[in-house]
> 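Here you go, one structure.
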Amino acid sequence: MNQNLKHLIRPSIQAISHYQVVNAEGLIKLDAMENPYTWPDEIRQQWLQLLVTTDVNRYPDPIARILHQPIRESMGIPDDMAIMFGNGSDELIQIMAHAVAESGRTIMAPDPSFVMYKMIASFAGMSYLSIPLNEDFSLKREETLNMIRKHHPALIFLAYPNNPTGNLFDDAIIEEIIRTSKGLVILDEAYHAFTGKSWMSRLGEFDNLLVMRTFSKLGLAGLRLGFLAGPKELVNEFDKVRLPYNINVLTQVSVKFTLEHMDVFEQQTTTIRQQREVVFNALLAHDELTPYPSEANFILFRAPQGRADDIFYGLQANGVLIKNLNKPFGPLADCLRVTIGTPQENEKFLHALGRALDHH
Ligand SMILES: *Cc1c(COP(=O)(O)O)cnc(C)c1O
(Lines give C-alpha, C1' and ligand atoms only; values in the text may rest on other atoms or scores of the structure.)
Protein backbone atom coordinates (compact mmCIF):
# COMPACT_ATOMS: atom_id res chain seq x y z
CA MET A 1 0.00 0.00 0.00
CA ASN A 2 1.03 3.58 -0.63
CA GLN A 3 3.05 4.68 2.42
CA ASN A 4 1.32 8.05 2.53
CA LEU A 5 -2.03 6.43 3.00
CA LYS A 6 -0.83 3.93 5.56
CA HIS A 7 0.27 6.88 7.65
CA LEU A 8 -3.39 7.66 8.16
CA ILE A 9 -3.58 4.60 10.38
CA ARG A 10 -2.72 5.46 13.99
CA PRO A 11 0.78 4.30 14.95
CA SER A 12 -0.70 2.36 17.88
CA ILE A 13 -2.79 0.32 15.41
CA GLN A 14 0.11 -0.21 13.01
CA ALA A 15 2.13 -1.51 15.95
CA ILE A 16 -0.23 -4.38 16.82
CA SER A 17 -0.55 -7.65 14.94
CA HIS A 18 -3.75 -9.43 13.95
CA TYR A 19 -5.51 -11.68 16.42
CA GLN A 20 -4.16 -15.00 15.12
CA VAL A 21 -6.59 -17.77 14.28
CA VAL A 22 -4.86 -20.91 12.98
CA ASN A 23 -6.59 -22.89 10.22
CA ALA A 24 -7.69 -26.07 11.97
CA GLU A 25 -8.90 -27.92 8.88
CA GLY A 26 -8.35 -31.65 9.29
CA LEU A 27 -7.08 -31.28 12.85
CA ILE A 28 -8.58 -32.17 16.20
CA LYS A 29 -9.35 -28.67 17.39
CA LEU A 30 -8.32 -28.15 21.00
CA ASP A 31 -7.07 -24.57 20.74
CA ALA A 32 -10.02 -22.24 21.33
CA MET A 33 -12.03 -23.40 24.38
CA GLU A 34 -14.98 -24.48 22.30
CA ASN A 35 -17.46 -27.04 23.56
CA PRO A 36 -16.67 -30.17 21.46
CA TYR A 37 -20.27 -31.37 21.44
CA THR A 38 -23.06 -30.44 19.06
CA TRP A 39 -26.75 -30.97 19.89
CA PRO A 40 -28.64 -34.25 19.95
CA ASP A 41 -30.54 -34.82 16.69
CA GLU A 42 -34.00 -34.41 18.17
CA ILE A 43 -33.18 -30.98 19.57
CA ARG A 44 -31.43 -29.97 16.39
CA GLN A 45 -34.63 -30.76 14.45
CA GLN A 46 -36.74 -28.63 16.80
CA TRP A 47 -34.27 -25.80 16.39
CA LEU A 48 -34.42 -26.04 12.60
CA GLN A 49 -38.21 -25.85 12.75
CA LEU A 50 -37.87 -22.64 14.67
CA LEU A 51 -35.44 -21.17 12.14
CA VAL A 52 -37.79 -22.06 9.28
CA THR A 53 -40.40 -19.76 10.80
CA THR A 54 -37.95 -16.93 11.49
CA ASP A 55 -37.98 -14.05 9.03
CA VAL A 56 -34.86 -12.10 8.24
CA ASN A 57 -36.31 -9.25 6.20
CA ARG A 58 -36.75 -7.04 9.28
CA TYR A 59 -34.08 -5.64 11.54
CA PRO A 60 -33.69 -7.54 14.79
CA ASP A 61 -35.16 -6.26 18.03
CA PRO A 62 -32.46 -3.79 19.11
CA ILE A 63 -32.56 -4.86 22.76
CA ALA A 64 -33.23 -8.58 22.19
CA ARG A 65 -36.27 -8.44 24.46
CA ILE A 66 -37.01 -12.18 24.21
CA LEU A 67 -33.70 -12.98 25.88
CA HIS A 68 -33.93 -10.79 28.97
CA GLN A 69 -36.16 -12.83 31.26
CA PRO A 70 -34.81 -16.29 30.40
CA ILE A 71 -31.21 -15.12 30.78
CA ARG A 72 -31.94 -13.33 34.06
CA GLU A 73 -33.48 -16.50 35.42
CA SER A 74 -30.97 -18.95 34.07
CA MET A 75 -27.94 -16.87 35.07
CA GLY A 76 -29.14 -15.63 38.46
CA ILE A 77 -28.85 -11.93 37.68
CA PRO A 78 -30.07 -9.83 40.64
CA ASP A 79 -33.40 -8.11 39.80
CA ASP A 80 -32.15 -4.59 40.40
CA MET A 81 -29.22 -4.96 38.00
CA ALA A 82 -29.41 -3.95 34.34
CA ILE A 83 -28.15 -6.14 31.50
CA MET A 84 -27.05 -5.52 27.94
CA PHE A 85 -26.01 -7.89 25.17
CA GLY A 86 -22.93 -7.93 23.02
CA ASN A 87 -21.90 -9.71 19.84
CA GLY A 88 -19.76 -11.95 22.00
CA SER A 89 -18.27 -10.53 25.18
CA ASP A 90 -15.44 -9.21 23.01
CA GLU A 91 -17.86 -6.56 21.82
CA LEU A 92 -18.84 -5.70 25.38
CA ILE A 93 -15.20 -5.07 26.25
CA GLN A 94 -14.96 -2.82 23.21
CA ILE A 95 -18.14 -0.96 24.12
CA MET A 96 -16.91 -0.28 27.65
CA ALA A 97 -13.55 0.90 26.34
CA HIS A 98 -15.19 3.22 23.80
CA ALA A 99 -17.46 4.66 26.45
CA VAL A 100 -14.61 5.59 28.83
CA ALA A 101 -11.78 6.28 26.36
CA GLU A 102 -10.25 9.69 26.76
CA SER A 103 -6.68 10.85 26.71
CA GLY A 104 -4.87 9.66 29.81
CA ARG A 105 -7.37 6.90 30.59
CA THR A 106 -6.04 3.44 31.35
CA ILE A 107 -7.20 -0.17 31.23
CA MET A 108 -5.55 -2.60 33.63
CA ALA A 109 -5.61 -6.41 33.63
CA PRO A 110 -3.38 -9.19 34.90
CA ASP A 111 -0.56 -10.59 32.81
CA PRO A 112 -1.02 -13.23 31.54
CA SER A 113 -4.71 -12.84 30.80
CA PHE A 114 -7.13 -12.58 27.89
CA VAL A 115 -5.31 -10.79 25.05
CA MET A 116 -8.33 -8.82 23.83
CA TYR A 117 -8.19 -6.47 26.86
CA LYS A 118 -4.91 -5.09 25.63
CA MET A 119 -5.83 -5.11 21.94
CA ILE A 120 -9.09 -3.26 22.60
CA ALA A 121 -7.26 -0.68 24.74
CA SER A 122 -5.17 0.04 21.62
CA PHE A 123 -8.22 0.21 19.36
CA ALA A 124 -9.79 2.73 21.72
CA GLY A 125 -6.60 4.78 22.01
CA MET A 126 -6.29 4.06 25.73
CA SER A 127 -3.17 3.16 27.65
CA TYR A 128 -2.83 -0.33 29.01
CA LEU A 129 -1.08 -1.55 32.13
CA SER A 130 -0.34 -5.19 32.96
CA ILE A 131 -0.68 -6.39 36.53
CA PRO A 132 2.11 -8.92 37.07
CA LEU A 133 1.07 -12.19 38.72
CA ASN A 134 2.92 -14.56 41.04
CA GLU A 135 4.54 -17.67 39.60
CA ASP A 136 1.44 -19.70 40.38
CA PHE A 137 -0.60 -17.01 38.54
CA SER A 138 -2.23 -15.68 41.72
CA LEU A 139 -2.58 -11.93 42.30
CA LYS A 140 0.16 -9.99 44.07
CA ARG A 141 -1.92 -8.16 46.66
CA GLU A 142 0.29 -5.20 47.64
CA GLU A 143 1.72 -4.57 44.22
CA THR A 144 -1.70 -4.65 42.55
CA LEU A 145 -3.33 -2.31 45.05
CA ASN A 146 -0.40 0.11 44.78
CA MET A 147 -0.65 0.10 40.99
CA ILE A 148 -4.33 0.96 41.23
CA ARG A 149 -3.67 3.80 43.70
CA LYS A 150 -0.95 5.16 41.48
CA HIS A 151 -2.50 4.86 38.01
CA HIS A 152 -6.26 5.14 38.66
CA PRO A 153 -7.34 2.80 35.84
CA ALA A 154 -10.76 3.59 34.35
CA LEU A 155 -11.36 -0.14 33.79
CA ILE A 156 -9.89 -3.22 35.44
CA PHE A 157 -10.66 -6.58 33.83
CA LEU A 158 -10.36 -9.73 35.92
CA ALA A 159 -11.10 -12.97 34.10
CA TYR A 160 -12.58 -15.34 36.68
CA PRO A 161 -11.36 -18.06 36.05
CA ASN A 162 -8.44 -16.49 34.24
CA ASN A 163 -7.56 -17.31 30.63
CA PRO A 164 -5.02 -18.75 29.75
CA THR A 165 -4.03 -19.87 33.25
CA GLY A 166 -7.27 -21.52 34.41
CA ASN A 167 -7.12 -20.37 38.03
CA LEU A 168 -9.59 -18.30 40.05
CA PHE A 169 -8.12 -15.21 41.69
CA ASP A 170 -8.50 -14.87 45.45
CA ASP A 171 -11.90 -13.43 46.40
CA ALA A 172 -10.57 -11.35 49.30
CA ILE A 173 -7.99 -9.68 47.04
CA ILE A 174 -10.61 -9.09 44.34
CA GLU A 175 -12.76 -7.37 46.95
CA GLU A 176 -9.85 -5.13 47.94
CA ILE A 177 -9.27 -4.31 44.27
CA ILE A 178 -12.92 -3.30 43.88
CA ARG A 179 -12.80 -1.18 47.06
CA THR A 180 -9.47 0.45 46.16
CA SER A 181 -10.39 1.24 42.56
CA LYS A 182 -12.08 4.51 41.72
CA GLY A 183 -12.72 3.10 38.26
CA LEU A 184 -14.85 0.13 37.21
CA VAL A 185 -13.95 -3.48 37.89
CA ILE A 186 -15.31 -6.05 35.44
CA LEU A 187 -15.34 -9.70 36.45
CA ASP A 188 -15.18 -11.61 33.18
CA GLU A 189 -16.88 -14.93 33.84
CA ALA A 190 -16.46 -16.45 30.37
CA TYR A 191 -15.75 -19.86 31.97
CA HIS A 192 -18.54 -19.75 34.51
CA ALA A 193 -19.99 -23.06 33.29
CA PHE A 194 -16.87 -24.92 34.43
CA THR A 195 -16.49 -23.57 37.95
CA GLY A 196 -18.68 -23.42 41.02
CA LYS A 197 -17.77 -19.83 41.77
CA SER A 198 -19.15 -16.48 40.63
CA TRP A 199 -19.42 -12.83 41.60
CA MET A 200 -22.88 -12.46 40.06
CA SER A 201 -24.74 -12.52 43.38
CA ARG A 202 -22.47 -9.79 44.75
CA LEU A 203 -23.53 -7.25 42.14
CA GLY A 204 -24.99 -4.25 43.91
CA GLU A 205 -22.67 -4.57 46.90
CA PHE A 206 -20.26 -2.23 45.12
CA ASP A 207 -21.14 0.68 42.82
CA ASN A 208 -18.22 -0.05 40.51
CA LEU A 209 -18.61 -3.82 39.99
CA LEU A 210 -19.86 -5.35 36.72
CA VAL A 211 -20.04 -9.01 35.68
CA MET A 212 -19.69 -10.23 32.11
CA ARG A 213 -20.48 -13.67 30.71
CA THR A 214 -20.64 -15.29 27.30
CA PHE A 215 -22.43 -18.24 25.73
CA SER A 216 -19.36 -19.04 23.65
CA LYS A 217 -17.51 -21.42 25.95
CA LEU A 218 -20.76 -23.05 27.03
CA GLY A 219 -21.37 -24.28 23.47
CA LEU A 220 -22.63 -21.43 21.31
CA ALA A 221 -19.38 -19.87 20.08
CA GLY A 222 -20.77 -19.64 16.55
CA LEU A 223 -23.77 -17.55 17.55
CA ARG A 224 -21.82 -14.74 19.28
CA LEU A 225 -23.68 -13.68 22.40
CA GLY A 226 -22.30 -12.22 25.59
CA PHE A 227 -23.90 -10.11 28.29
CA LEU A 228 -22.93 -7.52 30.83
CA ALA A 229 -24.74 -7.16 34.15
CA GLY A 230 -24.34 -4.25 36.54
CA PRO A 231 -25.77 -1.07 38.03
CA LYS A 232 -28.36 0.63 35.79
CA GLU A 233 -26.62 4.02 35.75
CA LEU A 234 -23.53 2.45 34.19
CA VAL A 235 -25.08 -0.12 31.88
CA ASN A 236 -27.46 2.51 30.47
CA GLU A 237 -24.49 4.70 29.51
CA PHE A 238 -22.65 1.79 27.89
CA ASP A 239 -25.79 0.93 26.00
CA LYS A 240 -25.62 4.26 24.15
CA VAL A 241 -22.32 3.19 22.57
CA ARG A 242 -23.67 -0.17 21.40
CA LEU A 243 -24.59 -0.31 17.71
CA PRO A 244 -28.38 -0.70 17.54
CA TYR A 245 -28.69 -4.09 15.84
CA ASN A 246 -25.67 -5.90 17.25
CA ILE A 247 -27.50 -9.15 18.03
CA ASN A 248 -28.91 -10.71 14.87
CA VAL A 249 -32.30 -12.39 14.58
CA LEU A 250 -30.95 -15.92 14.25
CA THR A 251 -28.85 -15.53 17.38
CA GLN A 252 -31.80 -14.14 19.32
CA VAL A 253 -34.18 -16.99 18.51
CA SER A 254 -31.48 -19.65 18.77
CA VAL A 255 -30.29 -18.58 22.20
CA LYS A 256 -33.87 -18.30 23.41
CA PHE A 257 -34.35 -21.86 22.21
CA THR A 258 -31.22 -23.19 23.88
CA LEU A 259 -32.19 -21.58 27.18
CA GLU A 260 -35.12 -24.00 27.16
CA HIS A 261 -32.67 -26.87 26.81
CA MET A 262 -30.03 -25.96 29.35
CA ASP A 263 -30.02 -29.56 30.59
CA VAL A 264 -28.17 -30.52 27.39
CA PHE A 265 -25.40 -28.05 28.17
CA GLU A 266 -25.35 -29.14 31.79
CA GLN A 267 -24.71 -32.73 30.77
CA GLN A 268 -22.02 -31.64 28.35
CA THR A 269 -20.24 -29.41 30.86
CA THR A 270 -20.36 -32.14 33.49
CA THR A 271 -18.58 -34.48 31.08
CA ILE A 272 -16.05 -31.76 30.22
CA ARG A 273 -15.33 -31.17 33.91
CA GLN A 274 -14.80 -34.91 34.45
CA GLN A 275 -12.53 -35.07 31.42
CA ARG A 276 -10.56 -32.10 32.76
CA GLU A 277 -9.54 -34.34 35.70
CA VAL A 278 -8.59 -37.17 33.35
CA VAL A 279 -6.41 -34.92 31.19
CA PHE A 280 -4.90 -33.15 34.19
CA ASN A 281 -3.86 -36.41 35.81
CA ALA A 282 -2.43 -37.71 32.55
CA LEU A 283 -0.37 -34.52 32.14
CA LEU A 284 0.77 -34.80 35.76
CA ALA A 285 1.94 -38.34 35.09
CA HIS A 286 4.58 -36.96 32.71
CA ASP A 287 7.37 -35.95 35.09
CA GLU A 288 8.73 -33.41 32.65
CA LEU A 289 5.44 -31.47 32.37
CA THR A 290 3.89 -29.01 34.84
CA PRO A 291 0.12 -28.72 34.42
CA TYR A 292 -1.63 -25.90 36.31
CA PRO A 293 -4.89 -26.69 38.14
CA SER A 294 -7.86 -25.38 36.16
CA GLU A 295 -11.41 -24.24 36.91
CA ALA A 296 -12.10 -23.78 33.20
CA ASN A 297 -12.47 -26.01 30.11
CA PHE A 298 -8.75 -25.92 29.31
CA ILE A 299 -5.46 -26.72 30.99
CA LEU A 300 -2.25 -24.71 30.82
CA PHE A 301 0.92 -26.74 31.10
CA ARG A 302 4.61 -25.98 31.04
CA ALA A 303 6.95 -28.04 28.88
CA PRO A 304 10.63 -28.62 29.63
CA GLN A 305 12.70 -25.53 28.84
CA GLY A 306 12.96 -24.88 25.10
CA ARG A 307 10.64 -27.77 24.09
CA ALA A 308 7.22 -26.11 23.77
CA ASP A 309 7.49 -25.31 20.06
CA ASP A 310 8.65 -28.85 19.21
CA ILE A 311 5.81 -30.34 21.17
CA PHE A 312 3.29 -27.99 19.58
CA TYR A 313 4.40 -28.86 16.04
CA GLY A 314 4.77 -32.52 16.94
CA LEU A 315 1.14 -32.56 18.04
CA GLN A 316 0.08 -30.78 14.88
CA ALA A 317 1.95 -33.33 12.76
CA ASN A 318 -0.09 -35.96 14.58
CA GLY A 319 -3.36 -34.17 13.82
CA VAL A 320 -3.94 -32.25 17.06
CA LEU A 321 -4.12 -28.47 17.32
CA ILE A 322 -3.60 -26.85 20.72
CA LYS A 323 -2.45 -23.32 21.61
CA ASN A 324 1.21 -22.41 21.76
CA LEU A 325 1.70 -19.64 24.32
CA ASN A 326 5.46 -19.95 24.54
CA LYS A 327 7.25 -16.60 24.63
CA PRO A 328 10.81 -16.86 25.91
CA PHE A 329 11.48 -14.99 29.19
CA GLY A 330 7.82 -14.03 29.75
CA PRO A 331 5.54 -15.58 32.37
CA LEU A 332 4.30 -18.10 29.77
CA ALA A 333 7.73 -19.27 28.61
CA ASP A 334 7.46 -22.95 27.53
CA CYS A 335 3.68 -22.93 28.10
CA LEU A 336 1.01 -24.68 26.03
CA ARG A 337 -2.75 -24.67 26.52
CA VAL A 338 -5.08 -27.51 25.63
CA THR A 339 -8.87 -27.24 25.50
CA ILE A 340 -10.78 -30.21 26.92
CA GLY A 341 -12.42 -32.13 24.09
CA THR A 342 -14.48 -35.31 23.91
CA PRO A 343 -12.99 -38.38 25.64
CA GLN A 344 -11.83 -39.67 22.21
CA GLU A 345 -10.21 -36.35 21.30
CA ASN A 346 -8.48 -36.12 24.67
CA GLU A 347 -7.16 -39.63 24.27
CA LYS A 348 -5.77 -38.78 20.84
CA PHE A 349 -4.19 -35.62 22.25
CA LEU A 350 -2.57 -37.54 25.11
CA HIS A 351 -1.32 -40.22 22.76
CA ALA A 352 0.14 -37.64 20.35
CA LEU A 353 1.67 -35.80 23.29
CA GLY A 354 3.36 -38.96 24.50
CA ARG A 355 4.87 -39.41 21.04
CA ALA A 356 5.98 -35.79 20.83
CA LEU A 357 7.68 -36.08 24.22
CA ASP A 358 9.41 -39.39 23.35
CA HIS A 359 10.69 -37.92 20.13
CA HIS A 360 13.29 -35.92 21.98
C1 LIG B 1 -13.21 -16.40 25.18
C2 LIG B 1 -13.17 -15.27 26.13
C3 LIG B 1 -13.95 -14.11 25.95
C4 LIG B 1 -14.69 -13.78 24.66
O5 LIG B 1 -15.70 -14.55 24.37
P6 LIG B 1 -16.75 -14.16 23.23
O7 LIG B 1 -16.71 -15.34 22.33
O8 LIG B 1 -16.33 -12.89 22.56
O9 LIG B 1 -18.01 -14.00 23.98
C10 LIG B 1 -13.95 -13.14 26.92
N11 LIG B 1 -13.19 -13.26 28.01
C12 LIG B 1 -12.41 -14.33 28.22
C13 LIG B 1 -11.60 -14.39 29.45
C14 LIG B 1 -12.37 -15.35 27.27
O15 LIG B 1 -11.54 -16.39 27.47
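Keep in mind it's a predicted model, so treat the numbers as computed, not measured. Each ligand, and each atom within it, is numbered from 1 in the order the structure gives. These values consider heavy atoms only, across backbone and side chains, with no hydrogens, waters or symmetry-generated copies.
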> Heavy-atom contacts under 4.0 Å between Lys217 and ligand 1: side chain, backbone, both, or neither?
side chain
> Taking the six-membered ring for Trp, are Tyr59 and Tyr245 parallel (under 30°), tilted (30 to 60°) or perpendicular (over 60°)?
parallel
> Among the heavy atoms of Phe215, does any lie under 4.0 Å from an atom of ligand 1?
no
> Cationic tip of Arg44 within the cone over Trp47's six-membered ring, i.e. under 6.0 Å and within 45° of the normal?
no
> Mind checking whether His261 and Phe257 have parallel, tilted or perpendicular rings, split at 30° and 60°?
tilted
> Is it the case that the side chains of Arg337 and Asn324 hold a donor-acceptor pair, with the cut-off being a distance below 3.5 Å and no angle test?
no
> In terms of side-chain geometry, is the basic nitrogen of Glu176 or Arg179 positioned less than 4.0 Å from the acidic oxygen of its partner?
no
> One residue to check: Asp188. Relative to ligand 1, which of side chain, backbone, both or neither has a non-hydrogen atom less than 4.0 Å away?
side chain
> Answer side chain, backbone, both or neither: which part of Ala190 comes under 4.0 Å from ligand 1, heavy atoms only.
side chain
> Which of the atoms in ligand 1, numbered in the order shown and given with their element, are less than 4.0 Å from a heavy-atom of Gly88?
6 (P), 8 (O), 9 (O)
> Please state which protein non-hydrogen atom is closest to atom 15 (O) of ligand 1 and give its distance, to 0.1 Å?
Tyr191 OH, 2.6 Å
> Phe137 vs Tyr292 aromatic rings, parallel, tilted or perpendicular, using cut-offs 30° and 60°?
perpendicular
> Taking only heavy atoms of Ala159 into account, list the atoms of ligand 1 that are under 4.0 Å away from them.
13 (C)
> May I ask whether Arg224 places a heavy atom under 4.0 Å from ligand 1?
yes
> Heavy-atom contact check, 4.0 Å cutoff: does Ser216 meet ligand 1?
yes
> Suppose we measure from atom 5 (O) of ligand 1 to each protein heavy atom; which comes out shortest, and what is that distance?
Ser89 OG, 3.3 Å
> Are His192 and Tyr160 close enough that their ring centres sit under 6.0 Å apart?
no
